[in-house]
Visitor: 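The structure's right below; bear with me while I get my questions together.
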Amino acid sequence: MPLNIPIALTWLRIVLIPVFVAVYYLPDTWLAPVAKNWTAMSIFAAAAITDWLDGYLARRWGEVSAFGAFLDPVADKLMVAAALILLVQLGRAEAYLAIIIIGREITISALREWMAQIGKTRNVAVAFIGKVKTASQMTAIIALLLWEPVIPGVSTPLLGTVALWVAAILTLWSMFHYLRLAAPHLGSDSISDIRASTTARPPEDRK
């Protein structure tokens with residue numbers, strides 16, 4: 001397993017997941033509710049920044065690796081899923097919105113794995129709509145974790161809820177977009193392609 005600064009930042013993002021979740025389980029005598037909101041939001045925001053930073057550094061320093069490309073989206077999905085489940089438990093997000101977003105992430109991850117098996121990864125590469133969805137999603141989570149007023153005249157909970165609805169709508173839209181692109185490759189011919197590609201690989205690469 002390669003270890004460099006970009007991958008270390010990705011691991012840090014994973015390590016920070018239980019940290020920002022645990023903040024809300026601290027006794028109020030240790031950390032006041034308002035301080036919990038600010039602390040958890042700050043930790044999540046820092047983790048979100050590493051999502052951009054690790055990719056930037058990997059490309060700039062020429063340290064892009066297959067393991068890093070695998071670990072980065074896994075860290076992102078774990079972070080988002082943990083935050084959404086926490087927000088549902090706190091009563092700050094609707095469960096069905098969390099289910100839509102988490103379900104989409106699982107579906108598209110499985111789809112990308114399938115397309116990689118048949119050598120069609122480019123067909124489900126990240127589209128612009130996916131980037132907008134991610135921006136809305138991060139805005140929603142940060143606002144709903146914070147919960148405290150920051151911008152005069154703007155309700156932070158309302159901002160987070162609206163952003164979460166936008167993220168959920170874009171989540172469904174982007175999912176159907178990726179499914180439509182992959183649809184021509186989901187037939188029986190794709191199964192034979194997998195068998196052919198698997199047969200062509202050395203035994204040690206089939207594990």
Side-chain angles (χ1 to χ4, degrees), residues 1-65 67-93 97-98 101-102 104-105 109 126 130-152 154-168 170-171:
M1 180 185 70
L3 183 61
N4 49 44
I5 291 179
I7 289 180
L9 288 172
T10 305
W11 278 116
L12 175 62
R13 189 153 72 254
I14 294 175
V15 170
L16 288 177
I17 293 171
V19 176
F20 80 79
V21 171
V23 167
Y24 287 99
Y25 290 90
L26 294 174
D28 290 348
T29 53
W30 291 13
L31 200 63
V34 173
K36 289 180 182 180
N37 289 334
W38 277 99
T39 302
M41 181 279 295
S42 300
I43 296 172
F44 182 89
I49 291 173
T50 67
D51 180 27
W52 167 82
L53 186 60
D54 59 10
Y56 171 79
L57 293 178
R59 291 187 297 271
R60 183 177 179 84
W61 295 343
E63 294 180 341
V64 177
S65 65
F67 181 74
F70 156 77
L71 187 63
D72 183 70
V74 170
D76 296 344
K77 290 169 178 56
L78 287 174
M79 183 175 69
V80 169
L84 289 173
I85 293 171
L86 175 64
L87 290 172
V88 170
Q89 185 175 359
L90 292 172
R92 301 180 185 181
L97 295 178
I101 294 174
I102 296 173
R104 179 266 188 194
E105 297 298 340
S109 293
V126 177
K131 295 180 180 179
V132 176
K133 182 270 301 179
T134 298
S136 300
Q137 191 172 266
M138 291 302 178
T139 300
I141 293 174
I142 288 173
L144 292 174
L145 285 174
L146 178 57
W147 204 249
E148 308 297 333
V150 176
I151 305 174
V154 177
S155 168
T156 303
L158 179 60
L159 173 63
T161 300
V162 171
L164 191 62
W165 269 100
V166 172
L170 293 178
T171 285

Visitor: Report the residues that fulfil side-chain contact (heavy atoms from CB on, under 4.5 Å) with I151, sequence neighbours left out, ordered by chain and then residue number.
Guide: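 With neighbours one apart ignored, the set is V154.
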Visitor: Holding to side chain to side chain donor-acceptor pair (under 3.5 Å), I want the full list of residues that pass it with E63, two or more places apart in sequence or in another chain.
Guide: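 With sequence neighbours excluded, E63 shows a side chain to side chain donor-acceptor pair (under 3.5 Å) to no residue whatsoever.
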Visitor: Holding to side chain to side chain donor-acceptor pair (under 3.5 Å), I want the full list of residues that pass it with T10, two or more places apart in sequence or in another chain.
Guide: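 D54.
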Visitor: Could you please spell out the steps behind the side-chain contact (heavy atoms from CB on, under 4.5 Å) verdict for L145 and L86?
Guide: CA-CA 9 Å; L145 285 174; L86 175 64; 4.1 Å; yes
Visitor: Closest heavy-atom contact between G68 and S65?
Guide: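 What the structure gives for the nearest pair is N-OG, 3.0 Å.
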Visitor: For A45, give me all partners under side-chain contact (heavy atoms from CB on, under 4.5 Å), at least two apart in sequence or on another chain.
Guide: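 side-chain contact (heavy atoms from CB on, under 4.5 Å) list for A45, sorted by chain: M41, I142.
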Visitor: Could you tabulate the donor-acceptor pairs under 3.5 Å formed by side-chain atoms of residues 155-162, not counting sequence neighbours?
Guide:
residue, atom, partner, partner atom, Å
S155, OG, L158, N, 3.3
T156, OG1, E148, O, 2.7
T161, OG1, P157, O, 2.8

Visitor: With I49, which residues qualify under side-chain contact (heavy atoms from CB on, under 4.5 Å), at least two apart?
Guide: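 I49 satisfies side-chain contact (heavy atoms from CB on, under 4.5 Å) with no other residue.
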Visitor: Considering only distance and modelled atom types, tabulate donor-acceptor pairs under 3.5 Å from the side chains of residues 26-36, sequence neighbours left out.
Guide:
residue, atom, partner, partner atom, Å
D28, OD1, K36, NZ, 2.7
K36, NZ, L26, O, 2.4

Visitor: How long is the span from the CG atom in L170 to the NZ atom in K131, to the nearest 0.5 Å?
Guide: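 Separation between the atoms: 14.5 Å.
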Visitor: I would like to know whether L164 and I101 meet side-chain contact (heavy atoms from CB on, under 4.5 Å); could you show each step before the answer?
Guide: CA-CA 9 Å; L164 191 62; I101 294 174; 3.7 Å; yes
Visitor: What residues, two or more places apart in sequence or in another chain, satisfy side chain to side chain donor-acceptor pair (under 3.5 Å) together with T50?
Guide: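 In terms of side chain to side chain donor-acceptor pair (under 3.5 Å), with neighbours along the sequence ignored, T50 is linked to R13.
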Visitor: If you round to the nearest 0.5 Å, how far is CD1 of I14 from CG of D76?
Guide: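 If we round to the nearest 0.5 Å, D76:CG and I14:CD1 are 9.0 Å apart.
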Visitor: Keeping to residues at least two apart or across chains, list the ring-ring contact (aromatic ring centres under 6.0 Å, His included) pairs with something in residues 37-61.
Guide: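 Pairs touching residues 37-61 that pass the test: F20-F44, W52-Y56.
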Visitor: Give me the atom names and distance for the closest heavy-atom approach of A167 to K133.
Guide: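 It is O-CG, 3.6 Å.
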Visitor: Restricting to non-hydrogen atoms, name the atom on L97 and the atom on A168 that form the minimum distance, rounded to 0.1 Å.
Guide: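 Closest heavy-atom pair between L97 and A168: CD2-CB, 3.8 Å.
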Visitor: Any heavy-atom pair between the side chains of V132 and V166 that's under 4.5 Å?
Guide: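 Of all side-chain heavy-atom pairs linking V132 with V166, none is under 4.5 Å.
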Visitor: Nearest 0.5 Å, what's the CD1-CG distance between I43 and L16?
Guide: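 Rounded to the nearest 0.5 Å, the CD1-CG separation comes to 7.0 Å.
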Visitor: For T139, enumerate each residue passing the side-chain contact (heavy atoms from CB on, under 4.5 Å) test, keeping only those at least two apart in sequence or located in another chain.
Guide: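 So T139 forms a side-chain contact (heavy atoms from CB on, under 4.5 Å) with A163.
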Visitor: Measuring from atom CG of L84 to atom CD of Q137, what distance do you get when rounded to the nearest 0.5 angstrom?
Guide: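 Rounded to the nearest 0.5 Å, the CG-CD separation comes to 6.5 Å.
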Visitor: Roughly how far, to the nearest 0.5 Å, is CD1 of I17 from CG of L78?
Guide: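 It comes to 5.0 Å.
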Visitor: Working note: K77 + I102, criterion side-chain contact (heavy atoms from CB on, under 4.5 Å); need CA distance, chi angles, decisive distance, verdict.
Guide: CA-CA 8 Å; K77 290 169 178 56; I102 296 173; over 6 Å; no
Visitor: Do L57 and N4 come within less than 4.5 Å of each other through their side chains, counting heavy atoms only?
Guide: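 The answer is no; the side chains never approach within 4.5 Å.
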